[in-house]
Amino acid sequence: MVERYNPQAIEPKWQARWEQDQLYKTLPACDKPKYYVLDFYPYPSGEGMSVGHARNYVPTDVLARYYRMKGYNVLHPMGFDAFGLPTENAAIKLKVDPHELNERYSANYVRQYKLMGLSYDWSRLINSAHPEYYRWTQWIFLKLFNAWYDPRLDKAVPIETLEAELAERGSGAILDYIDNHPEHIGVVNKGTPAITAEQWRAMSRREQNEYLYNFRLAFQAESTVNWDPVDKVVVADEEVENGRAWRSGALVIKRTIRQWFFRITAYAERLIKDLDEVDWPERIVTMQRNWIGKSEGAEVIFRVCNAEQSAIPVFTTRPDTLWGATFMVLSPEHPLVPHITAPEHKAEVERYIAFAKGESEEQRTATDKEKTGVFTGAYAINPVNGERIPIWIADYVLMSYGTGAIMAVPAHDQRDFEFAKKFNLPIKVVVFPQAEMERLGLSGAPSEAAITDYERRMTAAYEDKAGVIVNSGPLSGTPAGTEAIRAAIAYCAQMGFGKRRVNYKIRPWLISRQRYWGTPIPIIHTPDGPLAVPEHELPVLLPKVSAYEPGPNGESPLESIPEFVNTPLGRRETDTMATWACSSWYYIRFADPHNDKAIGDPKEIDYWLPVDTYVGGAEHAVLHLLYSRMWTKVLYDLGIVKFKEPFRTLRNQGLILSPQKRVDEHGREYYEKMSKSKGNVITPDEVIAEHGADALRGYELFISDFEQTVPWSTQGVPGVRRWLDRVWRIVLAPEEEKGPPAQMTPRDLRRIAHQTILRYERDLKAFSFNTLVAALMEFTNALYKARDAGLVGAPEWDEAIDILLRLLAPVAPHIAEELWHRLGRPYSIHQQPFPVADEAAARADVLHLAVQINGKVRDRITVPADADEETIKQAALASEGAKRYLNGAAPKQIHYVKGRLVSIVV
RNA sequence: GCCGAAGUGGCGGAACUGGCAGACGCGCGCGACUCAAAAUCGCGUUCCCUCGGGAGUGUGGGUUCGACUCCCACCUUCGGCACCA
């Protein structure tokens with residue numbers, strides 16, 4: 001009797017051998033075709049991994065092993081996103097240096113990865129908190145600091161080109177160009193004043209540097225930011241969900257602090273456009289588009305009555321409704337508010353501004369919120385018709401979007417409609433709806449009476465574009481929508497009070513953190529302004545400190561270390577970079593991870609990048625995945641990399657939930673997420689200890705569709721284990737326990753084997769790993785049947801076993817290697833070529849066709865695969881089932897669906 | 001509210017381009033082996049049923065010889081966005 005399958009014995013043995021032989025060490029750039037398959041690199045937590053974390057690692061490992069067997073040079077690396085708050089908070093709590101925790105936690109992760117038999121090339125391991133790595137994060141930071149986005153070249157270029165232009169011609173030409181090419185609105189800070197060459201030359205170096213901040217791709221600015229009072233840290237817009245910080249869950253508050261930003265806004269248009277080139281889940285693409293938030297329209301200047309020099313520009317996507325603007329609303333923070341407010345309204349306005357400021361993000365965005373606002377006492381002139389309209393302030397107008405001021409068109413904007421109703425402001429219809437035209441049977445312009453009548457009946461704004469423009473001077477009579485919008489913009493431009501404008505919701509990416517455990521920002525603040533630390537002095541090392549806590553007002557712990565802060569040239573920057581910076585380029589570093597002369601040898605970078613398949617969770621949709629794209633584009637512009645998009649194919653794995661079913665207060669059943677605090681975590685360690693890594697891997701693949709959220713099943717792993725047991729026995733001892741005799745020819749077995757290869761490759765390419773495993777299980781079942789049909793020992797049998805083991809190798813590498821070894825085949829199975837499907841062998845000899853009568857299956861027929869259509873139809877008509885329903889009559893219709901069925905209509 | 005995805009047995013899920021619904025696995029039932037148990041093997045397992053069939057993929061309609069698949073309306077769940085002018 002053959003010994004039993006014992007994963008605990010064979011898995012450590014082979015893992016040690018593979019490691020000793022460096023079986024998975026990746027070759028440098030060469031003539032072989034490459035395949036780069038990457039997992040989102042994790043932040044190593046003290047808790048280690050759960051089976052949920054392995055959900056993406058196993059499929060990518062299958063891909064890596066598959067492509068190796070297909071003859072590709074495969075890059076399949078792993079690293080750690082080691083900086084950041086979780087480790088820092090743990091360090092504070094445990095009173096242990098985060099450097100030490102980082103080493104401890106990442107070592108534990110490596111141990112777990114190895115336990116699962118993942119084929120990473122460990123010689124390429126990177127850790128973002130090691131100076132050899134963050135030196136280059138700092139290097140890229142300086143590339144951004146020393147660059148600006150020239151809108152005329154549509155790319156980033158060194159800041160010296162801007163300085164030269166300012167000295168020669170001032171900034172007028174650049175700002176004019178942006179004005180006429182509104183897609184480039186994000187290349188410069190809002191409100192940057194135009195200066196002449198004389199003014200530039202008259203500035204001190206410090207003033208010049210301050211002005212350059214308006215253009216640099218990495219810049220410092222005074223800004224209202226999201227402050228997380230629990231973690232005592234600022235967080236980026238992308239890290240705030242429903243007014244709460246992404247990580248801590250605390251309600252964020254607004255604070256004004258000087259911070260570092262990356263000018264992601266300069267890339268808004270390209271970040272949208274290049275989404276067309278990537279193979280990403282539609283959901284992520286949509287989220288990025290929404291986040292960037294492009295909208296097109298016009299900027300129109302309204303003048304304030306009795307203060308003709310006060311111009312208030314507004315942004316609108318519906319310039320075709322300009323004639324319907326019956327009031328204006330400014331954001332409470334709008335800088336003009338104090339200047340235009342009439343004395344008798346001053347007190348009320350100030351009270352309202354204080355109220356708006358005190359509102360939290362959550363209150364301000366509450367869904368059922370009533371409109372609030374106050375009248376400033378001032379009036380503006382609607383430039384298209386000269387009408388005098390009141391200026392209000394209200395919190396529904398945001399300073400951060402557009403110009404912070406709107407023209408209110410209550411008839412055609414629901415928010416303005418609600419505001420007008422509440423404060424009894426006039427509503428003027430300028431788009432007469434199509435539906436009303438039809439109701440009245442109108443083909444030409446509606447009468448004044450018809451418009452007034454409709455106006456009276458309105459219960460909501462008419463925001464649709466279907467209809468005809470009325471009461472709008474030269475525009476009246478035009479169909480509303482695109483054409484009218486274009487005409488309105490042309491009219492405004494011609495009259496000199498408006499022009500085409502594009503707006504993006506995306507704002508500069510807030511990168512600085514006043515915390516310890518991050519990459520130091522390599523800047524020294526001199527009396528002349530910010531100074532980049534010279535490249536040869538990098539890295540700026542993160543000094544050891546005794547206390548990691550930020551100050552009570554969020555001061556960086558680095559501020560209290562004089563030897564760090566004080567330099568001969570000035571005061572060193574004490575902010576560190578958020579971890580998003582580290583993760584925005586790590587995929588490049590893997591191409592040449594230990595290079596100490598450059599971020600990587602261009603030969604290696606050009607060979608390996610971009611990433612072919614990138615797999616991770618969907619929670620980074622607008623964070624890491626957007627930031628990385630921006631950095632890639634900057635590096636592309638500066639000639640450092642040759643690719644525009646870092647990740648060609650992206651897939652998101654689904655979540656794995658705890659297996660215990662819970663019932664909520666409404667009696668509904670649900671499964672909770674695995675978390676240490678709930679005590680429901682299942683670790684790969686415990687599963688492997690009981691059933692082995694191969695069974696764990698098999699079940700991770702088999703559990704569900706890859707992208708689906710699914711509860712873990714404790715019964716699932718033993719099921720896969722049973723299958724591996726069956727593989728073990730049928731390979732090593734096929735004759736030991738026979739079942740009842742079965743029917744199968746050698747030809748049948750060969751067909752099944754080759755069909756399995758085809759199914760396997762099709763499923764793998766479709767990320768359909770659950771059906772890939774099912775195909776292997778069916779193949780195994782077929783081998784048992786073949787045994788009972790007496791095929792053991794036939795050449796087809798040996799071929800089938802050979803194919804089974806090769807197909808098994810990427811999925812269950814240990815058992816495949818062991819069985820391969822026991823059959824006396826040469827080490828290692830993982831260096832064998834993948835089997836090639838023989839299409840002829842896979843083809844069926846006979847077809848089993850269903851015979852349908854009026855759409856219902858009534859019989860089945862078997863015909864030779866090469867039978868012609870007429871023969872097949874006749875065979876179907878002659879079948880017992882068909883005869884029963886035909887009763888000798890001729891069929892009305894008869895359809896043959898190739899290889900599937902014959903459908904007869906009687 | 002808006003946008004997107006998804007609803008299939010007791011459970012996880014299959015089903016290619018509109019073509020035999022329920023592959024594969026779990027669970028369950030019956031049987032074999034065994035003194036017994038475990039393991040293993042075999043058979044069965046959508047529902048109803050008068051054993052000939054009938055119904056069936058969230059609900060209601062439609063297109064088609066034929067619909068899990070396409071169209072319309074609705075319900076539910078999950079994700080995302082949410083005063084973005």
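In what follows, every chain begins at residue 1, and chains take the letters A, B, ... in the order their sequences are listed. Owing to the predicted nature of the structure, the values given are computational and were not obtained by experimental measurement.
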ask   = Reckon A:D416 touches a base, only the sugar-phosphate, or nothing at all at heavy-atom distances under 4.0 Å?
value = nothing
request  = Give a yes or no on this: more than 12 heavy atoms of other residues, nucleotides or ligands lie within 6.0 Å of atom NZ of A:K371.
outcome  = yes
Chi-based syn or anti call at B:G4, which uses purine or pyrimidine torsion atoms and a 90° bound = anti
request  = Kindly assign one of parallel, tilted or perpendicular to the pair A:F327 and A:F419, based on the angle between their ring planes and the thresholds 30° and 60°.
outcome  = parallel
note = Answer for the Watson-Crick or wobble partner of B:G22, both distances under 3.5 Å, is none
C1' spacing across the pair B:U8 / B:A23, given as an integer number of angstrom = 13 Å
inquiry  = When both hydrogen-bonding distances must be under 3.5 Å and the geometry is Watson-Crick or G-U wobble, what is B:A36 paired with, if anything?
reply    = none
task = Taking the six-membered ring for Trp and the single ring otherwise, decide whether the centroids of A:W712 and A:Y699 are under 6.0 Å apart.
result = yes
query = Checking only heavy atoms, does the side chain of A:Q715 share a donor-acceptor pair with the base of B:G25 at less than 3.5 Å?
reply = no
inquiry  = Taking only the P atom of each, what is the distance from B:U64 to B:G12 in whole angstrom?
reply    = 36 Å
ask   = Touch check for A:S903, heavy atoms < 4.0 angstrom, all strands: base, sugar-phosphate only, or nothing?
value = base
inquiry  = I want to confirm an ordering. Mapping A:S704 and A:S295 to their closest nucleotides on RNA chain B, which one lands closer to the 5' end?
reply    = A:S704
task = Classify the nucleic acid contact of A:G293 as base, sugar-phosphate or nothing, counting any heavy atom under 4.0 Å across all strands shown.
result = nothing
key: Same-atom distance (C1') from B:C68 to B:G79, integer angstrom   = 23 Å
query = So which nucleotide does B:G31 pair with, by the Watson-Crick or G-U wobble rule with both distances under 3.5 Å?
reply = B:C41
task = Please determine, for B:C2, whether a Watson-Crick or G-U wobble partner exists with both distances under 3.5 Å, and give it or none.
result = B:G80
message = Using a heavy-atom cut-off of 4.0 Å across all strands, would you classify A:V710 as base, sugar-phosphate, or nothing?
response = sugar-phosphate
key: A:R4, nearest nucleotide to its side chain (from B:A39, B:G19, B:A85)   = B:A39
ask   = Touch check for A:E418, heavy atoms < 4.0 angstrom, all strands: base, sugar-phosphate only, or nothing?
value = nothing
inquiry  = Between B:C78 and B:U46, how many Å separate the two C1' atoms, rounded to a whole number?
reply    = 26 Å
ask   = Which is true for A:L901 with a 4.0 Å heavy-atom rule: it touches a base, it touches only sugar-phosphate, or it touches nothing?
value = base
ask   = Should B:U69 form a Watson-Crick or G-U wobble pair with both distances under 3.5 Å, which nucleotide is its partner?
value = none
note = Mate of B:A55 across any strand shown (Watson-Crick or G-U wobble, both atom pairs under 3.5 Å) is B:U46
message = Expressed as a whole number of angstroms, how long is the span from A:D725:CG to B:U40:C1'?
response = 10 Å
query = At under 4.0 Å between heavy atoms, what does A:R858 touch on the DNA or RNA strands: base, sugar-phosphate, or nothing?
reply = sugar-phosphate
query = Touch check for A:N290, heavy atoms < 4.0 angstrom, all strands: base, sugar-phosphate only, or nothing?
reply = nothing
inquiry  = Using 30° and 60° as the class boundaries, would you call the ring planes of A:F355 and A:Y352 parallel, tilted or perpendicular?
reply    = tilted
message = Over 60° means perpendicular and under 30° means parallel, so tell me whether A:Y5 and A:W728 are parallel, tilted or perpendicular.
response = tilted
inquiry  = Please evaluate residues A:D725 and A:R722 with respect to the criterion salt bridge (charged side-chain N to carboxylate O under 4.0 Å, His left out), reporting the C-alpha separation (whole Å), side-chain torsions for both, the decisive distance (0.1 Å), and the verdict.
reply    = CA-CA 5 Å; A:D725 244 316; A:R722 262 197 291 279; over 6 Å; no
